Amino acid sequence: MSSEVDVSQLTFEQLTKVRAYLKKLIDNGGSDLHVKANAVIRARIQGKIVQFSGGVLSPSDALTFAKELLKGRFAEFVEKKELDLVYPYDERNRFRVNVFFQMDGISAVFRVIPVKIPSFAELKLPEVLKTFTQKERGLVLVTGVTGSGKSTTLATLINEINLTQRKHIITIEDPIEFVHKDRGCIINQRSVGQDTLSFGMALRAALREDPDIILVGEMRDKETINLALHAADTGHLVFSTLHTIDAKETINRIIAQFPTEEQNRVRLSVAGVIQGIISQRLVPTIDGGRRAALEVLVRTPTVEKLIMENRDYEIRDTIEKGREHYKSQSFDQALLELYDNGVISKERALENATSSADLELKMSGLTSGGISETSVNANAKSYTEDDDIFQLK
């Protein structure tokens, strides 16, 4: 396959067709468009995959589409076999795109990026999250599986700082999704591949660029984790994400990235810098939308001690017991509140619960206080909806 593209020879016919499907996606309030060789065009609407096109996209047309979309970056795509980019549809609509090779040819997934950054009130986020934006140093993590809304929550946290404080913020992302304009803060946004070669290089450089706050799009390897911990320990407030389902798994995942002989050092480092862990799952609501159910770990002397002493299995119970005083909450507490307020059904609450048996007892009024520790890991759910955008009602 030739990797050279003569743009002057392109008709952009295939890209024009895909743009029509993107318009349909926008009009229907969808989140993702799936373009695949040897398949029909499909979209994700309210978390469900639906068929958009009647005809099958041939491998040759898919190849032409990739050339029309990527133009000068097509050679890079052929070399790497996959590529991330942001596609501006118009002034109001942008898409995060991943193009990749697969068995039948080329595929691409377009994900909606809202231009407007939602507020705390619009996302109905717990007020305790605002306290994380007011910290002077430390590490705040937003976690969840792909499509759980991590990017949206992070953007809202950064926007809150931008509107209320006077700081220098550096973001390192792959790619840049939400665009922040300077308000009270100076915000430098760097895209991996375009503005820097790697998360590690950009993070190392950031420490010499007078930042108050650093956002690392994802702590995806040992080097990035090490640098993020170092930045948090040296007087910076660091925000980042991990693909983990709750606070306990998040701590374990970070530590497991390192060799056995280094894990105690890393555990002490995490205990010393962690300010909060926000873990989220998107849950279908009764009115047809979706709402984020959030587990929120807040740094306390007890939490720090549990992490240092490798007693991660006690974290969920500590989160629940700290709800009244520290405003922390477990998934099951968040789900129970959404159920009690008539936002989600009992069935949806139990489907997404960490311990469905304990939650059902709470719903029946048969227990009091925090949800019991029974089978902490039993019934643990990983939320797999492929939508990074909250559907606001």
Side-chain angles (χ1 to χ4, degrees), residues 1-23 25 31-43 52-53 55-91 93-113 146 151 170-179 188-206 216-221 223-224 241 243 386 388:
M1 177 190 302
S2 172
S3 61
E4 297 299 321
V5 174
D6 184 351
V7 177
S8 66
Q9 297 300 310
L10 298 176
T11 65
F12 296 94
E13 179 182 351
Q14 297 304 321
L15 181 58
T16 299
K17 290 179 180 178
V18 170
R19 283 179 58 84
Y21 291 121
L22 291 173
K23 176 67 164 56
L25 180 79
S31 60
D32 298 83
L33 186 77
H34 291 257
V35 179
K36 179 186 176 185
N38 264 346
V40 296
I41 306 294
R42 293 181 172 89
F52 259 19
S53 71
V56 169
L57 181 70
S58 71
S60 61
D61 284 346
L63 176 62
T64 300
F65 157 71
K67 291 179 178 179
E68 292 174 347
L69 176 69
L70 300 174
K71 294 180 283 192
R73 297 191 68 188
F74 186 76
E76 180 186 357
F77 169 58
V78 171
E79 178 185 354
K80 294 181 176 178
K81 305 302 182 187
E82 56 211 352
L83 201 61
D84 289 312
L85 65 147
V86 171
Y87 178 71
Y89 177 83
D90 56 25
E91 289 184 358
N93 298 281
R94 299 163 67 244
F95 294 86
R96 186 180 74 193
V97 189
N98 182 267
V99 191
F100 57 97
F101 283 92
Q102 44 87 15
M103 182 175 65
D104 292 323
I106 291 172
S107 284
V109 179
F110 290 75
R111 169 162 293 170
V112 173
I113 303 173
T146 299
S151 297
I170 295 176
T171 78
I172 307 163
E173 304 169 74
D174 183 19
I176 292 169
E177 296 186 32
F178 292 88
V179 175
N188 285 300
Q189 295 185 257
R190 306 191 69 195
S191 177
V192 174
Q194 178 176 317
D195 306 313
T196 181
L197 296 179
S198 70
F199 278 107
M201 290 182 68
L203 189 47
R204 196 176 289 107
V216 183
E218 183 183 348
M219 296 207 306
R220 59 176 57 170
D221 54 40
E223 179 191 23
T224 307
T241 71
H243 292 283
D386 191 19
D388 228 7

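Because the structure is predicted, anything quoted here is derived from the model rather than measured.
- Under a 4.0 Å N-O distance rule, the pair Glu177/Arg111 does not qualify as a salt bridge.
- Applying the side chain to side chain donor-acceptor pair (under 3.5 Å) criterion to Gln102, with sequence neighbours excluded, gives Ser107.
- The OH atom of Tyr89 lies 6.0 Å from the NZ atom of Lys23; values are rounded to the nearest 0.5 Å.
- Across all their heavy atoms, Ser151 and Arg96 have their closest contact at OG-NH1, 4.2 Å.
- Taking the side chain as every heavy atom from C-beta outward, Thr146 and His243 approach each other to under 4.5 Å.
- The shortest side-chain heavy-atom distance between Phe100 and Ile106 does not fall under the 4.5 Å cut-off.
- For the atom pair Leu70 CG and Phe65 CZ, the distance stands at 8.0 Å (nearest 0.5 Å).
- Counting heavy atoms from C-beta on, the side chains of Leu63 and Phe74 come closer than 4.5 Å.
- Pro175 places none of its side-chain heavy atoms less than 4.5 Å from the side chain of Leu85.
- With sequence neighbours left out, Asp195 forms a side chain to side chain donor-acceptor pair (under 3.5 Å) with no residue at all.
- A donor-acceptor contact shorter than 3.5 Å is absent between the side chain of Gln14 and the backbone of Glu68.
- Residues Phe77 and Val99 approach most closely at CE1-O, 3.4 Å, considering heavy atoms.
- How far CG of Leu25 is from CZ of Arg42: 15.0 Å, rounded to the nearest 0.5 Å.
- Every pair tested for salt bridge (charged side-chain N to carboxylate O under 4.0 Å, His left out) that includes a residue from residues 101-110 fails, sequence neighbours excluded, so the list is empty.
- No salt bridge links Asp61 with Lys17; every basic N to acidic carboxylate O contact stays at or beyond 4.0 Å.
- Ring-plane geometry between Phe110 and Phe95 is classed as perpendicular, the angle between the planes exceeding 60 degrees on a 0 to 90 degree scale with a lower cut at 30.
- Here the closest heavy-atom approach between residue Val109 and residue His34 is recorded as CG2-ND1, 3.6 Å.
- For Arg73 against Leu83, the heavy-atom pair with the smallest separation is NH2-CD1, 3.4 Å.
- For the pair Met219 and Phe199, the minimum side-chain heavy-atom distance is 4.5 Å or more.
- Residues Leu33 and Val18 have side chains in contact (heavy-atom distance under 4.5 Å, counting atoms from C-beta outward).
- Residue Val97 comes nearest to Tyr87 through the heavy atom pair CG2-CB, 3.7 Å, listed as atom of the first residue, atom of the second, then distance.
- Contact of the Glu218 side chain with the Asp174 side chain is not registered, since no non-hydrogen atoms from C-beta on lie closer than 4.5 Å.
- We find the CG-CD1 distance between Asn188 and Ile170 to be 6.0 Å, quoted to the nearest 0.5 Å.
- Of all heavy-atom pairs between Asn38 and Pro59, the closest is OD1-CD, 3.5 Å.
- Taking OG1 of Thr16 as the start and OH of Tyr21 as the end, the distance is 12.5 Å to the nearest 0.5 Å.
- Between Gln194 and Ile176 there is no side-chain heavy-atom pair separated by less than 4.5 Å.
- Separating the CD atom in Glu173 from the OG1 atom in Thr241 is a distance of 10.0 Å, to the nearest 0.5 Å.
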